[in-house]
There are 2 protein chains.
Amino acid sequence: MMEDLEQLKLKNQLCFPLYACAKEVVRRYRPFLDELDLTYTQYIVMLVLWEENEKSVHDLGERLFLDSGTLTPVLKSLEAKGYLTRRRSKADERVLLVALTDEGQALKESAAEIPKKMSACVALEPQEAATLYSLLYKMLGQF
Amino acid sequence: MMEDLEQLKLKNQLCFPLYACAKEVVRRYRPFLDELDLTYTQYIVMLVLWEENEKSVHDLGERLFLDSGTLTPVLKSLEAKGYLTRRRSKADERVLLVALTDEGQALKESAAEIPKKMSACVALEPQEAATLYSLLYKMLGQF
DNA sequence: ATTGTATCGGTTGTATACAATTTAATTGTT
DNA sequence: AACAATTAAATTGTATACAACCGATACAAT
């Protein structure tokens, strides 16, 4: 049908601006994160650990929508930088527990300015940002 | 300051749901795109070509927010599948023109159902989807 | 005409993402 | 206890993304 083909136009797709916008915003983080020697994926792992200090790979994955195939190399890299430790749980040897080092904890202070700098890069009004936020979480909620 | 550290919490970040939502939605496309033997990146290239039929790599990149480092292998892969041809422009030998084959054109019919199937996977009301769409493009507009 | 500059696409290197599989450890059932 | 089913993380393979760089072509200004 004609309407179906009309929906195939890029400008009629909701997914595309979502995909493009996410990529562009992550790209805007790079200069700020470079100063901390972190990638965006490493940064969001640190965000979780700054809140909770110790988490299993599985719990990190649930929180961040990432699986072990992505997390394992990221965590090894953060371990190599000295920001966290990886050790097996005593209670369940299958579980790998990730915990911040003092250096990883200390990095939080250096990261504190990043959200402010980033929001300065986003042209949305606070009300618009709030609406966007809530719509995105509504979508995420069903996954 | 305390407020700065508060902003570091994952739940206070706008970028994270954007990043996670984009990934999850693209992942939802996979079963539908598998039937066409396309990845999401290949799919959005085809979306542009179904609209315009012939484009340079540079123009494709501007439209899709992708550079030649990403597009070159994607376009070679689509050429290998027989969906498009790659040839240098006569007028300017630097420019590579990408054009659909008949098979690539024909694929459009098979793709026609995808947007409908995908919107069934998204729990937003039409009005919410429209708001999300316009906020995302507002952000993209400044990049 | 020549030379410096800009543009285009390709290549290289690094870092994700994710499906599928594998291995080790745990749990559930009989 | 024995064994099947489940779970957690790691590994493998494929496909992006993007920065940085490269080589060829085109353009600009003298």
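A note on names: the letters A, B, ... follow the listed sequences, proteins ahead of strands, and every chain is numbered from 1.
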Is a side-chain N or O of B/S68 found less than 3.5 angstrom from the main chain of B/L71, in a donor-acceptor match? no
Pick the closest DNA chain D nucleotide for B/S89 and for A/G69 by heavy atoms, then say which residue is nearer the 5' end.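 Nearest-nucleotide comparison on DNA chain D picks A/G69.
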For DNA chain D, whose closest nucleotide is more 5', that of B/I44 or that of A/P73? A/P73
Length of the line joining [X]:[atom1] and [N]:[atom2], which is rounded to integer Å:
X     : N      : atom1 : atom2 : result
B/Y40 : D/dA15 : OH    : C1'   : 15 Å
B/L60 : C/dC8  : CG    : C1'   : 13 Å
A/L38 : C/dT14 : CG    : P     : 18 Å
B/L75 : C/dG10 : CG    : P     : 8 Å
B/D67 : D/dA19 : CG    : P     : 7 Å
B/D37 : D/dT14 : CG    : P     : 14 Å

For [N], does either OP1 or OP2 sit under 4.0 Å from a side-chain N or O belonging to [X]?
X     : N      : value
B/S77 : D/dA15 : no
B/K90 : D/dA26 : no
B/T41 : D/dT16 : yes
B/K76 : C/dT11 : yes
A/R86 : D/dA10 : yes
B/Y19 : C/dA17 : yes

Side chain B/T72 and base C/dG9 donor-acceptor under 3.5 Å: no
Between the base of D/dA10 and the side chain of A/S68, is there any donor-acceptor pair under 3.5 Å? yes
Any heavy-atom pair between the side chains of [Y] and [X] that's under 4.5 Å?
X      : Y      : answer
A/F16  : B/L64  : yes
B/K108 : B/L100 : no
A/Y29  : A/I114 : yes
A/L60  : A/L75  : yes

Looking only at side-chain atoms of [X], point me to the closest of [options].
X     : options                : value
B/R27 : D/dA19, C/dC18, D/dA8  : C/dC18
B/R94 : C/dA6, C/dA19, C/dA25  : C/dA6
A/D92 : C/dT16, D/dA9, C/dT26  : C/dT26
A/L96 : D/dA10, C/dA25, C/dG10 : D/dA10
A/E93 : C/dA25, C/dG9, D/dA9   : C/dA25

Protein and nucleotides 3-5 of chain D: nitrogen or oxygen contacts under 3.5 angstrom:
none

Using a heavy-atom cut-off of 4.0 Å across all strands, would you classify B/V74 as base, sugar-phosphate, or nothing? sugar-phosphate
Below 4.0 angstrom, N of the basic side chain to O of the carboxylate: do [X] and [Y] qualify?
X     : Y     : value
A/E79 : A/K76 : no
B/K11 : A/E51 : no
A/E62 : A/K55 : no

Heavy-atom nearest nucleotide on DNA chain C taken for A/L66 and for B/T70; more 5' hit belongs to B/T70
Hey, quick one: are B/L66 and B/V95 part of the same hydrophobic cluster, counting side-chain heavy atoms closer than 4.5 Å, chains of contacts allowed? no
Across all strands, who's sitting opposite D/dA29 as a Watson-Crick or G-U wobble pair, both distances under 3.5 Å? C/dT2
